[in-house]
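Quick notes on the structure that follows.
Atoms considered below: every heavy atom in the structure, side chains included; atoms not considered: hydrogens, waters and symmetry mates. Ligands are counted one by one from 1 in listed order, and the atoms in each one are counted from 1 as well.
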Amino acid sequence: MRYISTRGGLAPLPFSDTILMGLAPDGGLALPESYPKVGRAQLDAWRGLSYADLAFEVISLFADDIPAADLKDIVSRTYTAEVFGSADITPIKRLHDGLVILELSNGPTLAFKDMAMQLLGNLFEYVLEKKGEQLNIVGATSGDTGSAAEYAMRGKHNVNVFMMSPAGKMSAFQRAQMYSLMDANIHNLAIEGVFDDCQDIVKAVQNDHAFKAKYKIGTVNSINWARVVAQVVYYFKGYFNATDSNDQKVSFCVPSGNFGNVCAGHIARQMGLPIERLIVATNENDVLDEFFRTGVYRPRASSETYITSSPSMDISKASNFERFVFDLVGRDPQQVRALWAKVDSGEGFDLSAKLAEVRERFGFVSGKSTHQDRLDTIRRVDAEDGVVVDTHTADGIKVARDVRQPGEIVVCLETALPAKFADTIVEALGKQPPRPAGFDGIEDLPQKVTEFGANAVGEVKAYIERALSA
Ligand SMILES: Cc1ncc(COP(=O)(O)O)c(C=O)c1O
Ligand SMILES: N[C@@H](CCOP(=O)(O)O)C(=O)O
């Protein structure tokens with residue numbers, strides 16, 4: 001399996017090089033030359049597998065330059081009941097109205113990002129040992145990628161993490177999770193602005209090829225292909241958990257912001273997983289919902305990005321969307337370059353002529369949720385099912401209920417636990433959300449974070465240089 005760039009400027013690379021690369025030199029995103037196909041016989045063979053064994057089967061289709069025994073060891077050490085709370089790793093809950101909730105947030109930082117980050121930590125360690133190299137991760141987070149990455153990488157001797165977050169925009173719990181880490185290889189940088197401003201700095205660093213090479217810069221955002229591959233696995237597991245036979249089809253409803261989660265669903269569907277529809281659920285930052293309704297992609301400026309009670313989705317320029325559009329335009333890198341030149345100029349683009357294909361060939365549909373919808377959904381699920389869901393999962397449940405068709409099996413992805421967003425849970429239910437053991441009082445711990453103003457690319461690079469030269 002070799003990897004190319006969505007913008008056509010990359011000589012095909014093996015997996016192990018691709019996951020250390022981050023953005024391709026042409027600014028594009030890595031994708032396999034073609035998606036591996038999974039037939040009925042494989043689905044039948046995979047249905048009863050443990051999560052770790054299923055992860056090995058799926059990931060080995062993509063990471064074929066890692067010896068099977070080594071990959072088996074990596075996934076077996078990653079997906080354990082100790083780390084993810086149960087032997088199933090991603091159990092399901094069925095709501096009274098038939099919606100299925102796929103639990104993805106039982107890992108160390110209580111969000112779905114752990115499903116991939118725990119793997120990346122072990123994959124990076126393995127690949128870097130083999131190459132005798134070090135990796136300096138420069139990442140951006142709206143609150144969950146950051147903590148998942150930092151908990152996966154902390155203490156690893158050949159990895160440093162420089163994580164940018166929008167100053168004051170995450171929940172107190174999310175800030176405490178990250179900023180209370182005192183590990184020497186973890187650096188938290190709070191940037192004036194929103195998540196997209198942090199991600200713009202990540203891309204500026206990635207596109208400074210001399211700096212990137214000198215300081216061995218990598219990324220753990222869903223820019224990194226390994227994140228997407230790891231996320232493909234739970235679509236297969238969720239399908240098997242939600243069905244009795246491979247004759248059935250399911251739809252997945254995905255609370256979305258940067259498009260990394262649902263992009264993995266798109267790839268699982270391209271591989272042959274019997275997915276009927278992929279339902280994209282946005283909050284008030286509805287750039288993706290607008291595209292899937294109209295075919296017009298109109299990223300918003302940071303000044304137009306709403307601060308909401310599902311803050312991890314407060315994103316107006318989804319970095320992973322480029323991977324889907326590459327497939328949508330027939331894998332034509334020239335078209336992708338032209339379209340993203342428009343995005344970079346703040347213009348956006350119109351693919352409304354392809355809307356029927358988006359829906360019929362690729363199975364996408366979308367919907368939107370607001371703060372009031374989140375409150376109503378949290379209240380209803382608590383009252384009717386005795387389950388407290390977080391605000392992002394509530395967005396997904398609301399949209400799933402809006403668009404579900406008769407007889408459709410809809411699996412809603414639980415993307416975080418409510419403990420991370422207590423203020424809105426208290427507003428909705430008048431009580432604190434359940435808090436898993438080990439997190440009591442984290443908001444009171446000392447915090448280590450460095451503050452930066454707006455447009456801080458130069459200052460961030462200088463900080464990285466000082467830290468790595470110390
Ligand atoms: C809790 C939560 N829900 C949903 C999302 C949206 O996922 P994606 O950015 O992959 O679309 C994120 C992060 O992005 C998140 O942290
Ligand atoms: N909501 C995310 C934003 C970044 O998403 P990623 O999948 O590209 O890492 C976060 O929690 O930081």
* Nearest-contact summary for atom 2 (C) of ligand 2 - protein heavy atom, Å -> Ser142 OG, 3.3 Å

* Under the side chain to side chain donor-acceptor pair (under 3.5 Å) test, which residues partner Ser165, sequence neighbours left out? -> Tyr179

* Does ligand 1 have any atom sitting under 4.0 Å from a heavy atom of Ser222? -> no

* Structure fact -> Under 4.0 Å between heavy atoms, the region of Lys420 that gets near ligand 1 turns out to be neither

* Taking the six-membered ring of Phe211 as reference, does the NZ or CZ atom of Lys461 fall below 6.0 Å from its centre and within a 45° cone about the axis? -> yes

* Asked: Using a heavy-atom cut-off of under 4.0 Å, does the side chain or the backbone of Met313 touch ligand 2, or both, or neither?
  -> neither

* Structure fact -> In terms of heavy-atom contacts, Pro299 and Tyr297 come closest through CG-CE2, 3.3 Å

* Would Trp225 and Phe62 count as a close aromatic pair, with their ring centres under 6.0 Å? -> yes

* Asked: Does an N or O from Ala416, backbone or side chain, lie closer than 3.5 Å to an N or O of ligand 1?
  -> no

* May I ask you to list the atoms of ligand 2 that are less than 4.0 angstrom from any heavy atom of Thr141? => 10 (C), 11 (O), 12 (O)

* Structure fact -> Between Asp390 and Ile425, the two heavy atoms sitting closest are CA-CD1, 4.5 Å

* Can you list the ligand 1 atoms lying under 4.0 Å from a non-hydrogen atom of Gly260? -> 8 (P), 10 (O), 11 (O)

* Provide the number and element of each atom of ligand 2 under 4.0 Å from a heavy atom of Arg227. => 6 (P), 7 (O), 9 (O)

* Does atom OH of Tyr126 have more than 12 heavy-atom neighbours, drawn from other residues, nucleotides or ligands, at distances under 6.0 Å? -> yes

* Taking only heavy atoms of Ser312 into account, list the atoms of ligand 1 that are under 4.0 Å away from them. => 2 (C), 12 (C), 13 (C), 14 (O), 15 (C), 16 (O)

* **Residue Ser256 vicinity, atoms of ligand 1 by number, heavy atom under 4.0 Å** => 6 (C), 11 (O)

* **Test item: Gln177 and Glu443 side chains (from C-beta on) under 4.5 Å apart, heavy atoms** => no

* Asked: Has Asp97 got more than 12 heavy atoms of other residues, nucleotides or ligands less than 6.0 Å from its CG?
  -> yes

* Give yes or no for whether the N/O distance cutoff of 3.5 Å, strictly under, is met between Ser319 and ligand 2. => no

* Asked: Given Asn283 and Ser369, is the side-chain hydrogen bond (donor to acceptor under 3.5 Å, both in side chains) satisfied, shown in steps?
  -> CA-CA 5 Å; Asn283 63 18; Ser369 173; over 6 Å; no

* Structure fact -> Numbered in order shown, the ligand 1 atoms found under 4.0 Å of a heavy atom of Pro255 are 4 (C), 5 (C), 6 (C), 7 (O)

* To do: Give the atoms of ligand 1, by number and element, whose distance to some non-hydrogen atom of Asp144 is under 4.0 Å.
  => 1 (C), 2 (C), 15 (C), 16 (O)

* Look at ligand 1 and say whether Lys113 reaches it with a heavy atom at a distance under 4.0 Å. => yes

* Mind checking side chain to side chain donor-acceptor pair (under 3.5 Å) for Asn241 and listing every partner two or more places apart, or none if nothing turns up? => Asp88, Lys237

* Judging by distance only, is a nitrogen or oxygen of Ser142 under 3.5 angstrom from one on ligand 1? -> no

* Asked: Taking the minimum heavy-atom distance to atom 9 (O) of ligand 2, which of Val220, Asn320, Asn258, Thr145 ranks first?
  -> Thr145

